[in-house]
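Keep in mind it's a predicted model, so treat the numbers as computed, not measured. Order of the sequence lines sets the chain letters (A, B, ...), proteins ahead of strands, with each chain counted from 1.
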Number of protein chains: 2
Amino acid sequence: MNINDIAAIAGVSKATVSRVLADSPNVRDSTRERIQKIIRDNNFEPNFLARSLSRRKTFSVGVIVEEMANPFFGSILSMIENVLNDKHYTMSLSSSNWVKEKEFAAVRNMIRNSVDGMIVSPIALKSETISILGKSSIPVLLLNNYTDNPAFSCVTSDNLQGGSLAADHLLSLPSSERQQIIAVTGFKHQTLEERMDGFTRRIKPEVYEEINTYEDGLNLVPTLLTRNSINEIKTCLFITNDNVAMGVQEGLLRHQVNIPGDVRMIGYDNIDFSGRCRVPLTTIEQSPGEMGRIAAMEILDMIENPEKELRKFRLPTRLIIRESSPVMPGE
Amino acid sequence: MNINDIAAIAGVSKATVSRVLADSPNVRDSTRERIQKIIRDNNFEPNFLARSLSRRKTFSVGVIVEEMANPFFGSILSMIENVLNDKHYTMSLSSSNWVKEKEFAAVRNMIRNSVDGMIVSPIALKSETISILGKSSIPVLLLNNYTDNPAFSCVTSDNLQGGSLAADHLLSLPSSERQQIIAVTGFKHQTLEERMDGFTRRIKPEVYEEINTYEDGLNLVPTLLTRNSINEIKTCLFITNDNVAMGVQEGLLRHQVNIPGDVRMIGYDNIDFSGRCRVPLTTIEQSPGEMGRIAAMEILDMIENPEKELRKFRLPTRLIIRESSPVMPGE
DNA sequence: GAATCTTATGTAACCGGTACCATTAAGAAT
DNA sequence: ATTCTTAATGGTACCGGTTACATAAGATTC
């Protein structure tokens with residue numbers, strides 16, 4: 001059942017049926033109603049592929065994130081999908097799993113599939129992926145990364161501010177509470193680097209890098225105990241990711257370290273479980289839902305107004321105080 | 001840049017270029033190489049829309065789940081996406097957010113978009129969604145739901161067995177440890193009903209229904225304390241969802257209830273955080289990754305072998321014992 | 001050397017729509 | 001009555017590929 005069949009039944013040309021489908025005003029009312037009835041009776045649905053090919057518009061947006069099982073991205077994706085669906089767009093989703101080649105392949109694939117626009121959370125800003133995206137003629141929005149490159153709109157969380165908030169919180173404590181300050185962060189990623197920059201702008205901590213997972217956090221604890229004697233010196237830990245922070249916490253508790261008595265912890269992300277772990281985490285909250293919402297609205301705006309000026313969004317973060325590092329009156 | 005341009009440059013017809021693109025053997029080697037070079041030089045990529053329209057095949061699979069921010073679905077989706085991408089298929093994703101109308105709209109939309117097949121985790125088995133899916137001519141696989149309906153392949157976790165495992169665990173305890181047994185479950189969903197069936201087949205508990213979220217679990221605690229005096233009678237709680245179980249746990253701990261001393265808890269799902277909450281949860285493990293992998297492989301198989309017999313998969317579950325209900329020597 | 005078979009390539013219809021331009025008929029203006 | 005508008009519809013090229021069929025050139029057979 002296609003547009004020709006409908007036209008034949010109605011005794012009109014396919015052009016007229018096409019006009020009815022497009023709600024064109026240039027169709028006599030009686031004709032329109034007759035055709036609409038035929039369309040309904042045969043529950044005919046126009047073929048999107050043919051339509052897309054002809055209109056050069058697919059109403060689909062490609063989305064690429066590093067990992068989808070991660071609840072942070074889950075919240076973002078969920079919101080993106082809601083917004084896109086509201087506007088009758090379709091979401092085509094891929095994940096890079098932190099592998100640059102997969103990311104690059106996903107981008108190429110989406111371009112081949114003629115998506116109308118893309119939302120990408122890139123692994124790195126200096127990469128083949130970014131270069132091919134820059135050359136592409138469709139609108140692209142970078143998620144979770146900021147760049148001056150005028151080819152892209154960006155939506156990020158203000159990680160610099162987040163890092164500073166964490167530092168400010170520690171600085172607000174009596175100095176007896178922070179005889180030693182240690183920061184734990186992961187691999188080279190803009191978000192993490194900015195968090196560290198925001199923090200070190202205020203405080204110079206000892207830094208551990210390449211600690212990426214819950215297990216990494218857990219395994220780091222023996223080192224912290226022997227190298228930093230954190231059970232003897234009042235220590236503050238800034239950990240740039242709540243998941244890792246929970247691993248560290250678990251490790252510390254297993255060694256009978258008192259949190260926050262001996263060691264204070266401050267994490268980053270405020271995922272759902274940050275408030276539900278053994279010692280609820282003081283942390284920096286991001287707004288993944290809001291990021292997703294803005295990203296989706298912005299890419300649709302870019303698609304529908306191609307000449308519009310690109311924008312860079314930086315969403316504010318918020319300090320959430322919980323038991324792992326409560327407030328105290330200053331000195 | 002399209003196939004005609006390439007043909008013009010090469011001085012051949014578009015049919016020949018098409019043959020080169022399709023790796024047809026009926027092209028002279030010298031011609032093939034010449035055309036391939038031209039394709040590379042102009043980095044021409046065939047238009048997928050046109051190709052799909054003509055071939056009647058899109059290499060895309062529609063996936064619909066109830067919610068994507070949920071880590072359980074996150075793990076499934078991640079695996080589905082990996083498998084599909086490996087086989088050069090694209091994933092088009094929607095979520096129903098537990099709203100039947102959204103689910104129905106998502107299905108219609110995907111059918112309109114000519115996906116080659118669909119993986120759907122339906123809200124209910126008796127619904128417009130299922131009926132439209134049954135009528136559709138493309139292969140459909142139901143996730144997380146079992147039905148005899150021969151129109152669908154199914155991939156579920158063996159929830160009946162899971163419920164029984166939970167009951168068996170409780171029955172293995174000295175009876176002094178289980179003076180009272182209470183089950184807490186959510187809204188009417190096949191997975192949850194089966195878990196309860198599996199459990200009640202062995203033990204008849206008092207049942208609380210419609211407890212769906214962490215907060216619901218938290219709020220249930222006062223009732224449990226007053227109506228069931230669970231701090232006075234040795235109680236076993238079977239909670240059909242770990243997230244809810246964590247809410248209940250939090251509520252109990254706030255009321256100084258000793259877990260597992262006064263109250264034992266057994267959850268369901270074994271999400272990442274089940275082992276990291278205040279009192280790590282004894283729970284029933286499902287294999288979302290495996291479900292995703294099988295679902296994706298199966299739908300691809302169905303797409304590529306349309307005549308193949310449909311299959312119903314039921315994945316085994318496993319009891320994970322943790323502090324919230326440890327083993328004890330039998331009587 | 002004619003007949004036959006292969007192999008490589010071209011031609012054109014087709015997938016299912018959209019949209020520009022042409023045509024027609026009816027009503028308005030002259 | 002004739003010409004001009006205008007509204008409704010039809011005809012058709014096009015989007016960018018695939019593919020069945022036709023054809024020409026070269027290889028094989030007798």
A:Ile35 CD1 to D:dT9 P, straight-line distance once rounded to whole Å: 7 Å
Would you confirm whether A:Arg34, through its side chain, and A:Ala10, through its main-chain N or O, come within 3.5 Å as a donor-acceptor pair? yes
For D:dT18, take OP1 and OP2 only and decide whether either is under 4.0 Å from a side-chain N or O of B:Ser18. yes
In whole angstroms, how far is the P atom of D:dT9 from the CZ atom of A:Arg32? 9 Å
Applying salt bridge (Lys or Arg N to Asp or Glu O under 4.0 Å) to A:Arg314 and A:Glu194, what does each step give before you reach the verdict? CA-CA 12 Å; A:Arg314 261 188 200 286; A:Glu194 286 187 358; 3.7 Å; yes
Between C:dG16, C:dT18, D:dT9, spot the one nearest the side chain of A:Arg28, thanks. D:dT9
If you compare every side-chain N and O of A:Arg55 against the phosphate oxygens of C:dT18 (OP1, OP2), does one of them come in below 4.0 Å? yes
A:Lys57 has an atom NZ; how far is it from atom C1' of D:dC14, in whole Å? 20 Å
Once you round it to whole Å, what is the distance between C1' of C:dC15 and CG of A:Asn2? 9 Å
A:Phe44 has a side chain; which of D:dG17, C:dG10, C:dG17 sits nearest to it? C:dG17
Just how far, in rounded Å, is P of C:dC15 from CG of A:Asp5? 10 Å
Select one nucleotide: of D:dT9, D:dG10, D:dG16, the one nearest the side-chain heavy atoms of A:Val12. D:dG10
Under 3.5 Å donor-acceptor pair, B:Lys14 side-chain atoms to D:dG17 base atoms: yes
Would you kindly give the CG-to-P distance between B:Asn113 and C:dG16, to the nearest whole Å? 16 Å
Are B:Asn144 and B:Tyr146 linked by a side-chain donor-acceptor pair shorter than 3.5 Å? no
Which of C:dG16, D:dG11, D:dT18 is nearest the side chain of A:Ala15? It is D:dG11
Any side-chain N or O of A:Thr16 less than 4.0 Å from the OP1 or OP2 oxygen of D:dA8? no
What do the steps show when you test A:Arg108 against A:Glu128 for salt bridge (Lys or Arg N to Asp or Glu O under 4.0 Å), and what is the final call? CA-CA 11 Å; A:Arg108 283 192 37 150; A:Glu128 275 199 287; over 6 Å; no
Does B:Ser54 or B:Asp29 map to a spot on DNA chain C nearer the 5' end, using the closest nucleotide for each? B:Asp29
Length of the CG-C1' vector between B:Leu53 and D:dT19, whole Å: 14 Å
Would one find a side-chain N or O of B:Thr31 under 4.0 angstrom from OP1 or OP2 of C:dT9? yes
Rounded to whole angstroms, how far apart are CG on B:Asn4 and P on C:dA12? 14 Å
Which word best sums up how the rings of A:Trp98 and A:Phe187 line up, parallel for under 30°, tilted for 30 to 60°, or perpendicular for over 60°? perpendicular
Are a donor atom and an acceptor atom from the side chains of B:Asp5 and B:Asn42 found within less than 3.5 Å of each other? no
For C:dC15 and B:Arg56 - does any side-chain N or O of the residue sit under 4.0 Å from the phosphate oxygens OP1/OP2? no
Looking at D:dG16, I'd like to know if its phosphate oxygens (OP1 or OP2) sit under 4.0 Å from a side-chain N or O belonging to B:Asn47. no
Decide yes or no, distance alone: a donor-acceptor N/O pair under 3.5 angstrom between the base of C:dG10 and the side-chain of B:Arg19. yes
